[in-house]
*Asks:* 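Here you go, one structure.
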Amino acid sequence: MRAWEVAAPGPIAGGPLRFAERATPEPGPGQVRVRVRVCGVCRTDLHVAEGDLPVHRPGVVPGHEVVGVVDAVGPGSSRFSPGDRVGVAWLASTCGRCRFCRRGDENLCPDATFTGWDVDGGYAQATVVDEAYAYRLPEGLDDEQAAPLLCAGIIGYRALRRAELPPGGRLGIYGFGGSAHLTAQVALRQGAEVHVLTRSADARRLATELGAASVGPGHGAPPVPLDAAIVFAPAGDIVPGALAALDRGGILVIAGIHLSDVPPLRYEDHLFYERQVRSVTANTRRDGEEFLALATRLGVVATTTAYPFERADEALADLAADRLTGAAVLTVEAP
Ligand SMILES: [Zn+2]
Ligand SMILES: [Zn+2]
């Protein structure tokens, strides 16, 4: 099969990915093999390719927003049958025994593995997944729409939950890419007032179209104090301003897996009055199931840009350079 692998992690301009011929993987016990139709492009793929995240598996195949069809079933697997459409997301496995797993916080499992980082992902014609970590996808959601929901959507949903926005509250969103534009739709449809700050003019237009109450530049300030805010941009220098924009008791959530350093904070200006900063680490399978159902019910629509499979490197370069609005997806198998 054809697959993209991270041959030499480094700046995307230097071509860290290689389009290679590989053996088609065989599903092991409890696994299924998925023939990939579409794979979303997530900023985490860029972090893996560029070496912002340490190498966990040399030559890994990135991609953790995988939509495809089961085409082989490993020994002892019974949840899916060949022909079933499934989604493969970021969380690839957890131990199931540690204190975090036992209390329902499997996203914090120290032995968790992740698709497209610890195990090969979906920038490939086929991938394997433990059946317990695959998602059945709602009918009526086409492949290209479903892909960005699997990480951008699910992580954004977890970030929104951790923001504990009060009903009708004011939510700030910093950075407006794949995850943010899905999260904004959920918040808006649940009655939030959404304020978007992003350096991309195209993203500001999209935010306005989706119903944002205000839009402004990336390092700008919203026109009103915020009850909660989510930082999607991987830029730590946004954090002090975002904290200063919070009302008393407000919560700032950092949604990304990687953030550049946060500048020094001043207690009175940034943290006092019971403001809080929270991070988001991966997601539980329950988050995923809940979000896929919610997104379908609320009619969340992903703005997507499709790239042919053989141009994955170009999609990542466009993501790195902020040339994308919404979410990029790779068309691995023509519909
Ligand atoms: Zn565990
Ligand atoms: Zn992701």
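Atoms within a ligand are numbered from 1 in the order they appear, just like the ligands themselves.
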*Asks:* Output yes when a side-chain donor or acceptor of R18 lies under 3.5 Å from a complementary backbone atom of A7, and no otherwise.
*Replies:* no

*Asks:* CD/E65 to SG/C151 distance, rounded to the nearest 0.5 angstrom?
*Replies:* 5.0 Å

*Asks:* To 10°, measure the SG(C109)-the Zn ion (ligand 1)-SG(C95) angle for me.
*Replies:* 110°

*Asks:* Can you see whether F309 has R2 sitting over its ring - NZ or CZ less than 6.0 Å from the centre and within 45° of the normal?
*Replies:* no

*Asks:* Could you tell me whether the side chain of L149 reaches within less than 4.5 Å of the side chain of L292, counting heavy atoms only?
*Replies:* yes

*Asks:* Indicate yes or no: does R22 engage D120 in a salt bridge with an N to O separation below 4.0 Å.
*Replies:* yes

*Asks:* Sorted by chain and residue number, which protein N/O/S atoms are under 2.8 Å from the Zn ion (ligand 2)?
*Replies:* C42 SG, H64 NE2, C151 SG

*Asks:* Take the angle between the ring planes of F176 and H181 and call it parallel below 30°, perpendicular above 60°, tilted in between.
*Replies:* perpendicular

